[in-house]
Engineer: 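Got a structure for you, written out below as structure tokens; questions coming shortly.
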Amino acid sequence: MYHVKEAFYTLQGEGAQAGRASVFCRFSGCNLWSGREIDRASAKCSFCDTDFIGTDGINGGRFNTPHELADHLKALWPVHAGRATPYVVFTGGEPLLQLDTPLIELLHSDGFEVAVERNGTVIPPPGIDWLCVSPKGTNPLVVTRGDELKLVFPQSVAPPDQFANLDFNHFFLQPMDQGIAHKNHATVQATVAYCMANPQWRLSLQTHKIAGFE
Ligand SMILES: C[S@@+](CC[C@H](N)C(=O)[O-])C[C@H]1O[C@@H](n2cnc3c(N)ncnc32)[C@H](O)[C@@H]1O
Ligand SMILES: Nc1nc2[nH]cc(C(=O)O)c2c(=O)[nH]1
Ligand code: SF4
Ligand SMILES: [Mg+2]
């Protein structure tokens, strides 16, 4: 049984694939936070910007089999998509608590590329086409390779230096959203300054929030 908070068609807003049309599947639940505000301060990840409790979001629900969920996600990709490769992004919550090989294989057999946004503390199944890892505080990474490392910045206990030599093709810093408009905000300025002083790192802005397309 899969628990999905919400699923929707949009553009990837962040990182190296920003701007790409994507079906998002947001799984319910996370291993680093209950999702309840009352637990936030004591959670292993305390700056989360997402509601991932329950299955009550748009196109959310419980799915008994990988076939059911794959069909549900496939139906969100536009029929007249031309030459674009269909793309699904699994996020959450922590998607690797639920994503498994049968679901990945079904999506592959229908031509989808499969991407994952993960916190790095859960071992992924094989076959994922695009792995984004976003380390959280001192929670140990169980896998230190992937396509992109996207660190929310700043985290005092997780400075970028700690990750700069890991086996990734892209290194991004994403300003921590604290519910304040991005423009001219001190966190964005600090992130820009860090990337300018350490050009291995690139700026990732959450474009869906800035442009308001979601
Ligand atoms: C909500 S998380 C879900 C996936 C997974 N649990 C993870 O943490 O990577 C999706 C992305 O949003 C980022 N994120 C979460 N809270 C944020 C915040 N307050 N500001 C900026 N990015 C944030 C995460 O680091 C991650 O890259
Ligand atoms: N448009 C859009 N892009 C995203 N990239 C990563 C997201 C996430 O919450 O994992 C996200 C999201 O929530 N919306
Ligand atoms: S690990 Fe990801 S989903 Fe879990 S609380 Fe942190 S940002 Fe949110
Ligand atoms: Mg998000």
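Residue indices begin at 1 and follow the sequence shown. Both ligands and their constituent atoms are indexed starting at 1 by order of listing. Worth saying up front: this structure is predicted, and the values here are computed from it rather than measured.
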Engineer: Any idea which protein heavy atom is nearest atom 8 (C) of ligand 2, and the distance to it?
Structural biologist: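 I find the closest protein heavy atom is Thr91 OG1, 3.6 Å.
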
Engineer: Any N or O on Lys136 sitting closer than 3.5 Å to an N or O of ligand 1?
Structural biologist: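 Yes, at least one N or O pair falls under 3.5 Å.
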
Engineer: Say whether Gly92, considering both its backbone and side-chain N or O atoms, lies within less than 3.5 Å of an N or O atom on ligand 1.
Structural biologist: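 The answer is no, given that Gly92 and ligand 1 share no N or O pair closer than 3.5 Å.
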
Engineer: Can you figure out which of Asp49, Thr187, Asn139 has its heavy atom closest to atom 14 (N) of ligand 1?
Structural biologist: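 Minimum heavy-atom distance to atom 14 (N) of ligand 1 goes to Asp49.
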
Engineer: Should you measure from each heavy atom of Gly93, which atoms of ligand 1 turn up under 4.0 Å away?
Structural biologist: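 Reading through ligand 1 atom by atom, the close ones are 3 (C), 4 (C), 5 (C), 6 (N).
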
Engineer: Could you list which atoms of ligand 1 come closer than 4.0 Å to a heavy atom of Gln174?
Structural biologist: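 With Gln174 as reference, the close atoms of ligand 1 come out as 13 (C), 21 (C), 22 (N).
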
Engineer: Partners of Asp147 by salt bridge (charged side-chain N to carboxylate O under 4.0 Å, His left out), sequence neighbours excluded?
Structural biologist: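 Expected list: none.
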
Engineer: Polar-atom distance check: Phe213 versus ligand 2, any N or O pair below 3.5 Å?
Structural biologist: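 No; every N/O pair is 3.5 Å or more apart.
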
Engineer: Between Glu113 and Arg20, is a salt bridge (charged side-chain N to carboxylate O under 4.0 Å, His left out) present by the stated rule, with each step listed?
Structural biologist: CA-CA 12 Å; Glu113 283 179 13; Arg20 181 168 178 180; 3.1 Å; yes

Engineer: Any atoms of ligand 1 less than 4.0 Å from a non-hydrogen atom of Pro175? List them with their elements.
Structural biologist: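 Listed by number with element, the hits are 20 (N), 21 (C).
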
Engineer: Backbone, side chain, both or neither: what part of Thr91 comes under 4.0 angstrom of ligand 1, heavy atoms only?
Structural biologist: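 Side chain only.
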
Engineer: Would you check if there is a donor-acceptor pair between the side chains of Glu214 and Gln206 at a distance under 3.5 Å?
Structural biologist: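 Gln206 vs Glu214: no donor-acceptor pair found between side chains.
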
Engineer: Show the numbers, then the answer: is there a side chain to side chain contact (heavy atoms under 4.5 Å, CB included) between Arg118 and Val143?
Structural biologist: CA-CA 11 Å; Arg118 55 185 291 253; Val143 177; 4.0 Å; yes

Engineer: Give the atoms of ligand 2, by number and element, whose distance to some non-hydrogen atom of Phe24 is under 4.0 Å.
Structural biologist: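 Listed by number with element: 2 (C), 3 (N), 4 (C), 5 (N), 6 (C), 7 (C), 11 (C), 12 (C).
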
Engineer: Report yes if some N/O of Arg118 lies less than 3.5 Å from some N/O of ligand 1; otherwise report no.
Structural biologist: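 Yes - when backbone and side-chain N and O of Arg118 are compared with those of ligand 1, one distance drops under 3.5 Å.
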
Engineer: Using a 4.0 Å cut-off to any heavy atom of Leu11, which atoms of ligand 2 qualify?
Structural biologist: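 Here the atoms of ligand 2 in question are 1 (N), 2 (C), 3 (N).
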
Engineer: Short N/O distance, under 3.5 Å, between Gln12 and ligand 2?
Structural biologist: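 Right, the criterion is met.
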
Engineer: Ignoring angles and geometry beyond distance, decide whether Ser134 reaches within less than 3.5 Å of ligand 1 through its nitrogen or oxygen atoms.
Structural biologist: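 Right, the criterion is met.
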
Engineer: Report yes or no: does Arg26 have a heavy atom closer than 4.0 Å to ligand 2?
Structural biologist: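 Checking ligand 2 against Arg26, which is what was asked, there is a heavy-atom contact under 4.0 Å.
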
Engineer: Below 4.0 angstrom from a heavy atom of Met176, which ligand 1 atoms are there? Numbered from 1 as shown, please.
Structural biologist: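 The list of qualifying atoms is 20 (N).
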
Engineer: Do any nitrogen or oxygen atoms of Lys150 come within less than 3.5 Å of a nitrogen or oxygen of ligand 2?
Structural biologist: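 In this structure, Lys150 places no N or O atom under 3.5 Å from an N or O of ligand 2.
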
Engineer: Within less than 4.0 angstrom of ligand 1, does Cys30 place any heavy atom?
Structural biologist: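 In this structure, Cys30 fails to qualify as a contact of ligand 1 - no heavy atom is under 4.0 Å.
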
Engineer: Could you list the atoms of ligand 1 found under 4.0 angstrom from a heavy atom of Glu94?
Structural biologist: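 Numbered from 1, ligand 1 contributes 5 (C), 6 (N).
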
Engineer: Using distance alone, with no hydrogens and no angle criterion, decide if Tyr2 and Asp100 have a side-chain donor and acceptor under 3.5 Å apart.
Structural biologist: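 A pair is found: one side chain offers a donor N or O, the other an acceptor, under 3.5 Å apart.
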
Engineer: Could you tell me which atoms of ligand 1, counted from 1 in the order shown, lie closer than 4.0 angstrom to a heavy atom of Thr50?
Structural biologist: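 The atoms of ligand 1 under 4.0 Å from a heavy atom of Thr50 are 1 (C).
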
Engineer: Would you tell me whether Thr65 and His67 have side-chain atoms, one donor and one acceptor, within less than 3.5 Å of each other?
Structural biologist: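 Checked: Thr65/His67 side chains show no N/O donor-acceptor pair below 3.5 Å.
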
Engineer: Which of the atoms of ligand 1 are close to Lys150, meaning less than 4.0 Å from one of its heavy atoms?
Structural biologist: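 Going through ligand 1 atom by atom, the ones under 4.0 Å from Lys150 are 27 (O).
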
Engineer: Would you mind listing which atoms of ligand 1 come within a distance below 4.0 Å of any non-hydrogen atom of Cys48?
Structural biologist: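 What qualifies from ligand 1 is 16 (N).
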
